[in-house]
Amino acid sequence: MPQLGGMGTLTAGSGRRRMESSDIMKMAGLRIFGMLAMGLAGAVAVSGAPTAPAFGQGAQAAAPQALQALETGEWELRGRGEGAETRKLCVSDLRQLLQVQHGKGLCRSFTISDSAHDVTVTYDCAAAGNGRTDLRVETNRLVQIRSQGISQGAPFAFAAEGRRVGTCS
């Protein structure tokens with residue numbers, strides 16, 4: 001049976017292993033976090049609230065409000081800053097603009113904030129990485145994108161202007 005020793009240490013059994021109070025707090029925090037996560041998952045399952053499918057899977061989740069005014073088609077993304085690149089992207093699903101670094105990969109996304117002109121999402125693409133994107137809509141053909149995260153094991157961060165330039169060829 002573990003016992004609390006002097007100066008905030010915990011000794012287990014014969015006292016061979018000593019745990020500092022900071023270790024105990026970390027363990028308690030992880031246990032509480034795990035219970036909260038399980039409780040939230042259970043609450044969603046019980047409530048019957050719809051869950052967003054992963055991007056790129058068969059069922060279509062509703063696009064964030066900020067994306068609804070935009071048009072699909074060919075978009076040109078022009079990076080900001082020194083040595084920035086310009087690339088073209090055929091956008092068939094406007095959510096592609098929220099995970100540019102991960103393409104049409106199977107990613108789970110969570111919308112942090114969404115309004116008529118701004119959206120912030122985080123997404124997780126399992127082993128391919130994850131990211132956070134802030135997108136500001138200026139017109140139905142012009143957006144500002146800031147994104148950062150991990151892709152294929154390496155960090156990335158970029159700011160770009162996205163402009164619809166026509167239909168996909």
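Quick caveat, the model's predicted, so the values are computed rather than measured.
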- Keeping to residues at least two apart or across chains, list the salt bridge (Lys or Arg N to Asp or Glu O under 4.0 Å) pairs with something in residues 110-131. none

- Task: May I ask you to say whether Glu161 pairs ionically with Arg80, meaning some side-chain N is under 4.0 Å from a carboxylate O?
- Result: yes

- Which pair of non-hydrogen atoms, one from Val137 and one from Ala66, has the smallest distance, and what is that distance? CG2-O, 3.2 Å

- Note on the structure: Heavy-atom closest pair (Ile112 atom, Arg132 atom, distance to 0.1 Å) is CD1-NH1, 3.6 Å

- Item | Residue pair Leu67 / Arg95, side-chain heavy-atom distance below 4.5 Å | yes

- State, to 0.1 Å, how close Gln101 and Phe158 come at their nearest heavy-atom pair, and which atoms those are. OE1-CE2, 3.8 Å

- Thr72 backbone acceptor or donor facing Arg164 side chain under 3.5 Å: yes

- Message: Treating Thr133 as the side-chain partner and Leu98 as the backbone partner, does any N or O pair qualify as donor plus acceptor under 3.5 Å?
- Response: yes

- Note on the structure: In this structure, OG1 of Thr122 is separated from CZ of Phe110 (nearest 0.5 Å) by 6.5 Å

- Do the side chain of Gln99 and the main chain of Gln96 share a donor and acceptor less than 3.5 angstrom apart? no

- Message: Test side-chain contact (heavy atoms from CB on, under 4.5 Å) on Ser147 and Phe156; report intermediate values, then the result.
- Response: CA-CA 8 Å; Ser147 189; Phe156 71 88; 3.6 Å; yes

- Message: Quick one, Arg87 with Glu76, criterion side-chain contact (heavy atoms from CB on, under 4.5 Å). Give me CA distance, side-chain angles, the key distance, then yes/no.
- Response: CA-CA 6 Å; Arg87 69 187 237 197; Glu76 181 180 85; over 6 Å; no

- Nearest heavy-atom neighbours spanning Val119 and Pro64: CG2-CB, 3.7 Å

- Could you note down all residue pairs passing salt bridge (Lys or Arg N to Asp or Glu O under 4.0 Å) where residues 141-160 supplies at least one of them, sequence neighbours left out? Glu71-Arg141

- Query: So, for Leu77 and Val100, which heavy atoms are closest and what is the spacing to 0.1 Å?
  - Reply: CD1-CG1, 3.6 Å

- Before accepting this row, confirm whether a basic side-chain N of the pair Asp134/Arg136 lies closer than 4.0 Å to the acidic partner's carboxylate O. no

- Stepwise side-chain contact (heavy atoms from CB on, under 4.5 Å) test for His102 and Tyr123: CA-CA 10 Å; His102 292 91; Tyr123 59 91; 3.0 Å; yes

- Of all the heavy-atom pairs spanning Leu70 and Thr139, show the shortest one and how long it is. CD2-O, 3.5 Å

